[in-house]
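Working notes for the structure below.
Every value quoted in this text rests on a predicted model; they were computed, and no experiment measured them. The figures here come from the full heavy-atom set of this structure, side chains too, leaving out hydrogens, waters and symmetry mates. Note that the numbering runs from 1 along the sequence shown for the chain.
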Amino acid sequence: MRRSRAASLVAMGAAATLVLAACGGGGGGGGGEGGGNDASAGGVFEDCASDPTTCNSVPVDQLQQGGTITFALEKNVSNWNLNSAEGNVFESAMALKGILPYTFVTQPDLTLAMNEAMLESAEQTSADPQTIVYEIKPEAVWSDGTPITVEDLIFQWKTMNGRDCPECAAATNAGYDQVESITGSNNGKTATMVFSQPFTDWKNLFASGSPLYPAHIAAQQGDLNTPEGLLAAWEYFGATVPNYTGGPYQIENWQDNVALTTTPNPQWYGATKPALDQLIFRVITDATQEPIALQNNEVQVIYPQPQVDLVEQVANMANVSQYQGLGLTWEHIDFNLVNPFLADEALRDAMFTAVNRQDIIDKTVGQFNDEVGPMNSHMFVPGQPGYEEVLPEGQGSGDVEAARQILTDAGYTGAEEGQQLTTPDGQAVPPLRIRYTTGNAIRQNTSELFASYMRPLGITVEVVPTDDLGGTLSSGDYDIMLFAWVSSPFPFANAQQTWLSTSSSNFGRYSNPEVDRLLNEAASSTDEEAARGLLVEADRILSEDSYVLPLYQKPTFIAVQDTVANVRNNSSLDGPPYNIAEWGLRTE
């Protein structure tokens with residue numbers, strides 16, 4: 001992506017995204033090509049376009065020993081179980097990146113790296129049956145001294161496979177439901193996982209999008225050999241601020257809707273020891289306040305979705321660097337198919353035809369980033385292997401006359417501005433609610449534009465913000481939702497999580513048996529190229545069904561004070577905290 005000029009920026013708001021560790025994965029594409037604006041060219045992010053994984057680097061032993069970094073967090077943490085459909089929120093995952101251990105993590109260039117602090121190795125030892133062996137380091141322990149072992153993997157598998165704990169509303173069952181057994185040896189430090197059928201994205205299991213929780217603490221909540229005991233532990237982890245850690249930091253204090261304060265974990269077994277005294281995640285849900293907090297040294301790192309006013313403010317700050325990138329995050333509009341009116345495909349077809357995606361881009365992200373265009377896939381982002389433009393002609397075009405014709409052909413009446421659209425059986429289409437995250441100006445603007453596109457069809461849309469994205473989605477308390485998926489480099493697992501009719505992350509309750517079949521076949525394929533083709537085939541069907549309208553690949557934006565070292569953009573579900581143990585302050 002080319003560098004955007006600060007002078008070309010225009011207003012927008014922040015995109016609140018879900019780690020809901022969701023769709024569109026695939027290594028490569030975008031992240032390493034991310035551009036910044038000229039304001040950052042001489043700053044600490046100068047080399048990020050060419051060296052995304054090493055820019056703004058200072059050897060850990062040359063950092064200031066001590067000090068505090070405060071990171072602005074755009075959402076409150078309302079559920080601490082990142083593996084649940086409700087708790088699987090991007091900001092929560094960033095806040096807990098230094099707390100919960102995992103097997104693999106996404107790098108800024110969108111490649112995968114094994115967590116070498118926790119694992120000696122992770123490899124496939126047999127293809128038939130597919131067998132994966134994890135060697136956990138002897139020194140890897142939870143903060144109370146209990147070893148991290150196969151039991152932690154087994155607990156996660158049982159709560160996420162959909163069988164052992166049917167009431168555990170997992171963010172995804174993908175892959176976990178194909179595991180036949182997990183057994184331990186070597187005092188639990190060797191975990192052997194055998195699949196009943198192959199799972200292409202096996203590295204996604206227990207990775208940073210689905211981190212580990214301590215099985216020995218789970219066992220204190222109930223018998224982990226029963227659905228009731230597993231559910232009790234599952235709910236405990238969602239409701240309880242972690243008093244445990246298996247990462248480089250531990251939670252010292254949590255003030256609801258204010259800040260999460262973490263300090264170095266004395267039991268941290270990794271080779272890289274944190275240099276900071278404190279790492280604080282301060283909750284700032286109004287993105288317009290983030291530049292002010294950065295300017296006043298109340299925070300040293302911000303990671304909002306860029307908006308014109310925000311980016312221009314930061315560009316004018318002394319000793320602050322900023323950078324924009326494109327990666328595995330994409331913005332979209334979703335229908336709730338539980339709504340009986342939206343259950344009619346003709347109405348959905350017409351509404352998506354009336355939406356003008358280019359107009360949305362021009363009036364929001366396009367004003368500060370000229371690389372963003374309409375996205376035409378649900379499975380891959382532009383630049384990734386497998387990306388094909390599969391949306392039906394007319395979807396997202398803003399063609400009001402074509403939208404009216406769809407409604408007329410289906411038997412609707414009243415598709416005119418100032419009238420009320422009426423269904424073929426004579427029911428008035430009631431006002432519909434489009435929801436977006438509070439304090440997100442881009443989404444507010446987009447929602448208001450969406451409402452304006454619907455008026456010429458005789459459809460009233462009310463714009464209603466929410467301060468609990470995960471909870472609103474999980475409860476289905478919406479008709480239309482505007483949010484983004486923050487993806488991992490696992491397209492097949494991502495697709496199952498997002499689109500399978502049985503997935504708890506399929507919030508709008510889309511169901512198509514042929515799509516289910518194609519997704520499951522792709523996830524079990526040993527031929528990755530053929531599997532991508534299956535996802536494209538499923539995508540064509542999904543697109544024709546008008547359930548979710550992709551808008552665009554979302555720019556990510558990071559700004560730091562120049563005293564901050566080893567913090568850089570990462571346009572994936574891991575975000576900047578992917579290397580949190582290395583963060584620190586430069587010596588003067």
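Between Asn520 and Gln496, the side chains place a donor N or O and an acceptor N or O closer than 3.5 Å (distance only, hydrogens not considered). In summary, the side chains of Gln156 and Asp152 do not present any donor paired with an acceptor at a separation below 3.5 Å, with no hydrogens or angles considered. Residues Ser571 and Thr556 have side chains that bring a donor and an acceptor to within less than 3.5 angstrom of each other. At a cut-off of 3.5 Å, with distance as the only test, a side-chain donor of Ser546 or Gln395 sits close to an acceptor on the other residue. With hydrogens and angles left out, the side-chain atoms of Asn512 and Tyr547 include no donor and acceptor closer than 3.5 Å. Remark: the Thr288 side chain and the Asp286 side chain contain an N/O donor-acceptor pair separated by less than 3.5 Å.
Taking CZ from Phe90 and CG from Leu573, the interatomic distance works out to 7.5 Å, rounded to the nearest 0.5 Å. Note that CG of Asp349 is 9.0 Å distant from CG of Leu407, once rounded to the nearest 0.5 Å.
Two rings, from Tyr244 and Phe237, have their centers less than 6.0 Å apart. With ring centers used as reference points, Tyr176 lies under 6.0 Å from Phe206. Ring-centre distance between Phe281 and Tyr249: not below the 6.0 Å cut-off.
With Tyr213 contributing its side chain and Leu82 its backbone, the two residues share a donor-acceptor pair below 3.5 Å. With hydrogens and angles ignored, the 3.5 Å screen pairs a side-chain donor or acceptor of His378 with a backbone N or O of Val548. Side chain of Asn76 to main chain of Asn257: a donor-acceptor pair is present (N/O by atom type, distance under 3.5 Å, no hydrogens or angles). When atom types are taken as modelled, the side chain of Thr438 and the backbone of Pro465 share no donor-acceptor pair closer than 3.5 angstrom. Judged by distance alone, the side chain of Asn494 and the main-chain N or O of Met379 form no donor-acceptor pair under 3.5 Å. Formation of a donor-acceptor pair under 3.5 Å by the Gln553 side chain with backbone atoms of Gly327 is found in this model. Side-chain atoms of Asp574 come within 3.5 Å of backbone N or O of Thr106 as a donor-acceptor pair. Not a single donor-acceptor pair under 3.5 Å links the side chain of Thr70 to the backbone N or O of Val299. Between the Asn339 side chain and the Leu342 main chain, a donor and an acceptor come within less than 3.5 Å of each other. Counting only distance, with no hydrogens or angles, the side chain of Thr353 and the backbone of Asp399 share no donor-acceptor pair below 3.5 Å.
Classified by interplanar angle (parallel below 30°, tilted 30° to 60°, perpendicular above 60°), the ring pair Phe71/Tyr303 is tilted.
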Is there a side chain to side chain contact (heavy atoms under 4.5 Å, CB included) between Asp334 and Tyr510 once you walk through the steps? CA-CA 10 Å; Asp334 295 25; Tyr510 171 75; over 6 Å; no
Decide side chain to side chain contact (heavy atoms under 4.5 Å, CB included) for Phe335 and Leu347; before the verdict, give the C-alpha distance in whole Å, the side-chain angles of both, and the deciding distance to 0.1 Å. CA-CA 11 Å; Phe335 286 137; Leu347 179 59; over 6 Å; no
From CA spacing to verdict: side chain to side chain contact (heavy atoms under 4.5 Å, CB included), His332, Met375: CA-CA 9 Å; His332 50 92; Met375 182 172 144; over 6 Å; no
Between Ile302 and Ile558, is a side chain to side chain contact (heavy atoms under 4.5 Å, CB included) present by the stated rule, with each step listed? CA-CA 6 Å; Ile302 63 174; Ile558 187 169; over 6 Å; no
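Taking each heavy atom of Ser452 and Leu449 in turn, the nearest pair found is OG-O, 2.6 Å. When all heavy atoms are compared, the tightest approach of Gly246 to Pro101 is O-CB, 3.8 Å.
Arg435 pairs with exactly one of Asn336, Leu482, Leu473, Thr466 by the side chain to side chain contact (heavy atoms under 4.5 Å, CB included) rule, that one being Thr466. Of the options Arg357, Arg443, Lys554, a salt bridge (charged side-chain N to carboxylate O under 4.0 Å, His left out) to Glu331 is made by Arg443 and by none of the others. When Thr446, Ile480, Val463 are each tested for a side chain to side chain contact (heavy atoms under 4.5 Å, CB included) with Tyr436, only one passes: Val463.
Salt-bridge formation is not detected for the pair Glu537/Arg540: no Lys NZ or Arg NE/NH1/NH2 atom is positioned less than 4.0 Å from an Asp or Glu carboxylate oxygen. The residues Asp477 and Arg433 are annotated as salt-bridged, a charged nitrogen and a carboxylate oxygen being separated by less than 4.0 angstrom.
Annotation: Glu167, atom CD; neighbour count of heavy atoms from other residues, nucleotides and ligands within 6.0 Å does not exceed 12.
With sequence neighbours left out, Ser474 forms a side chain to side chain contact (heavy atoms under 4.5 Å, CB included) with Ala85, Glu86, Phe507. Every residue two or more places apart in sequence or in another chain that forms a side chain to side chain contact (heavy atoms under 4.5 Å, CB included) with Cys168 is listed here: Thr159, Cys165, Leu231, Trp234.
The shortest distance between side-chain heavy atoms of Leu110 and Ser572 falls below 4.5 Å.
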